[in-house]
Amino acid sequence: MTFTAATAPATRCKIAIIGTGFSGLGMAIRLKQSGEEDFLLFEKDQGVGGTWRVNNYPGCACDVQSHLYSFSFEPNPNWTRMFARQPEIKSYLEGCWAKYELQERTLLDCEITLMNWDEQEQRWQIEDRHGRHYSAQFVVSGMGGLSTPSIPKLNGVESFTGKLFHSQRWDHDYALAGKRVAVIGTGASAIQFVPQIQPQVARLDLYQRTPPWIMPKPDRAIGARERRSFARFPPLQKAWRGALYGMLESRVIGFSISPRLMKFASEIARRHLHKHIQDPALREKLTPDYVMGCKRVLISNDYYPALTQPNVEVISSGIREIRANSIVDANGEERPADAIIFGTGFTPSDPLPRGVIFGRNGVDLLDSWPLGPEAYKGTLTAGFPNLFFLMGPNTGLGHNSMVYMIESQISYVLGALRHLQRNHLPSLDVRPEAQRRFNEGLQDDLGKTVWNAGGCNSWYLHPLSGRNCTVWPGFTWRFRQLTRRFDADAYRFGEPLPHLSLHGVLQPPEVEA
């Protein structure tokens, strides 16, 4: 927990926002709309967009409908597909960044490597990877849980001499045409890029640990007439967004209230599998043996057809070792490989490395999370004053749009800032007992859901404690209710400082259906 020697005074701002995806940009836009101008956006990449910039593998697309997977305060009538693809979502976010003139408040190529709470100054002292220093009264983390790639520890992987990369770090300069490619993992990314690369490669060996449940994807192009209608009649688009929200929200009944209802959805998934996979042996490999919803439910129309092609083999026996130019499966069969692509997802239960964020008394954030990430209302952790998490612990979803959750949290953060402004307070810290009570109730609710009671291991659960620190266990409108009002009783505050204030009257986001 040491800072490098500073060569220049620290750049000061009132609010530091880390990340420029939906969370970071949404926070910045809402602050600016409220009249608050004293903030900086920190982005480790060379451009904005967050996960929708760095994930640019072939076939990358959203699995939530476009008109719901966007800001309520910045509707886009020009989505060209029901489920937008990565370039279009990235363009949307870049458009928001430009429209609200956030360029001058954005620091690109500025990865934060160290944050330390200064009790005396009541501020966060921050350092980036270039050794530059910053100081902020508040920090809003918009890094999200799906930002750190998960790469399995496989015997001999360091000896591989071919091309090796994770789907998030796709090497577009490497030509896959005619190559023997091994894909490890069958998560959401893999089922999108496998059908895209299958026609190009000479051979595709797909190493599957657990088959996912896959539903048909109700995707289609949105015609020019529909787009014109949405542009000319904004209430029509708002009504469509509300209808999508209601339809997706109803799915929580099967996930959280009555998991037995997942049997009906699983029958649709089985029919989808049987429709495309005729070979009995392959069909058996691709049939899940766990309760639907226990792991992430995926949607695709082209994944199964790709696996039936003559240049594809699905290996479900596991991997014994990786050699210089091949992979040996658990049965001892060796298959040559020119390239290995990991489609193994991310680490939401371990979103940060140790030694980055230090709160009161120099405590590392990870040491305050012995059972996995935990926060009050997914937003603040005791002992880390003035640090807000967007897409924080237990705000993830299995049934609806994360943008709705993000906007709810932004509203809560604005409420907290508004309270501090009115009372000339420099800091807030959630009471440990409030955080404990909230999370005890949360875990009780999660115990009844398919994610906890489904009988399988998934990335929703912390790998050591088995605790679900990822998913929100119920209706998203309930989360919005809980975050609509800032509950000051749950916090301790620093001593009032009359000279401190935030500009403007901070207003919460508009409530959407």
Side-chain angles (χ1 to χ4, degrees), residues 15-31 41-45 48-55 62-64 68-72 89-90 92-93 96 112 115 138-150 168 188 248 296 345-353 356-357 365-366 369 372-381 384 387-414 416 430 435 438-439 442 446 451 459-460 462 468-474 476 478-480 482-483 509:
I15 305 166
I17 304 170
I18 304 174
T20 60
F22 273 100
S23 295
L25 292 181
M27 188 76 246
I29 292 168
R30 282 316 212 187
L31 284 170
L41 279 156
F42 294 82
E43 172 53 57
K44 67 179 180 180
D45 206 34
V48 302
T51 189
W52 292 106
R53 179 181 180 85
V54 297
N55 284 281
C62 190
D63 58 4
V64 173
L68 190 57
Y69 197 79
S70 46
F71 294 124
S72 65
I89 301 175
K90 173 174 170 283
Y92 169 77
L93 290 170
C96 292
I112 300 302
M115 285 173 40
F138 305 99
V139 174
V140 179
S141 170
M143 292 182 288
L146 303 184
S147 55
T148 304
S150 174
Q168 189 199 59
L248 295 184
R296 184 176 176 180
F346 303 89
T347 59
S349 57
D350 289 303
L352 292 168
V356 175
I357 300 178
L365 179 63
L366 267 63
W369 288 343
E374 177 182 293
Y376 180 66
K377 298 187 177 182
T379 309
L380 297 106
T381 294
F384 295 80
L387 173 59
F388 302 95
F389 296 100
L390 302 181
M391 291 183 65
N394 290 110
T395 61
L397 298 177
H399 70 285
N400 213 322
S401 172
M402 275 305 304
V403 182
Y404 185 92
M405 298 289 280
I406 291 168
E407 289 196 40
S408 298
Q409 286 190 280
I410 289 173
S411 174
Y412 191 71
V413 173
L414 291 176
V430 65
Q435 179 176 314
F438 176 81
N439 281 278
L442 193 69
L446 280 164
W451 304 297
W459 58 266
Y460 298 131
H462 192 273
N468 191 326
C469 50
T470 307
V471 183
W472 175 250
T476 61
R478 176 59 180 152
F479 183 78
R480 178 153 292 188
L482 290 173
T483 53

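Owing to the predicted nature of the structure, the values given are computational and were not obtained by experimental measurement.
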When you compare the side chain of [Y] with that of [X], does any pair of heavy atoms fall below 4.5 Å?
X	Y	value
P373	H462	yes
M27	I410	yes
V413	F138	no
L390	V140	yes
F388	I15	no

Separation of [Y] [atom2] from [X] [atom1] (nearest 0.5 Å):
X	Y	atom1	atom2	answer
M402	T51	CE	OG1	11.5 Å
I17	L31	CD1	CG	5.0 Å
S408	W472	OG	CH2	10.0 Å
W52	K90	CH2	NZ	13.0 Å
L446	N394	CG	CG	6.0 Å
T395	I406	OG1	CD1	8.0 Å

Practice task
Look at the aromatic rings of F71 and Y92 and report parallel, tilted or perpendicular, splitting at 30° and 60°.
Solution key: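 F71 vs Y92 ring planes: tilted.
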Report yes or no: does [X] contribute a side-chain atom to a donor-acceptor pair with the main-chain N or O of [Y] at less than 3.5 Å?
X	Y	result
E374	N439	no
S401	L68	yes
R480	Y404	yes
K377	L482	yes
T470	Y460	yes

For [X] versus [Y], what's the shortest heavy-atom pair and its separation?
X	Y	result
S70	E407	O-OE2, 4.2 Å
F384	L365	CZ-CA, 3.3 Å
P393	W369	CG-CZ2, 4.4 Å
Q435	A375	CG-C, 4.2 Å
T381	V430	C-CG1, 3.6 Å

Practice task
Not counting sequence neighbours, which residues clear side-chain hydrogen bond (donor to acceptor under 3.5 Å, both in side chains) with T379? List them please.
Solution key: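 Here the qualifying residues are Q409.
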Exercise for the section: Show your reasoning for whether side-chain contact (heavy atoms from CB on, under 4.5 Å) applies to T476 and H399. Expected result: CA-CA 9 Å; T476 61; H399 70 285; 3.8 Å; yes
Please tabulate, for side-chain N and O atoms in residues 18-26, each donor-acceptor pair with protein atoms closer than 3.5 Å (sequence neighbours left out).
from	atom 1	to	atom 2	distance (Å)
T20	OG1	E43	OE1	2.6
T20	OG1	G49	N	3.4

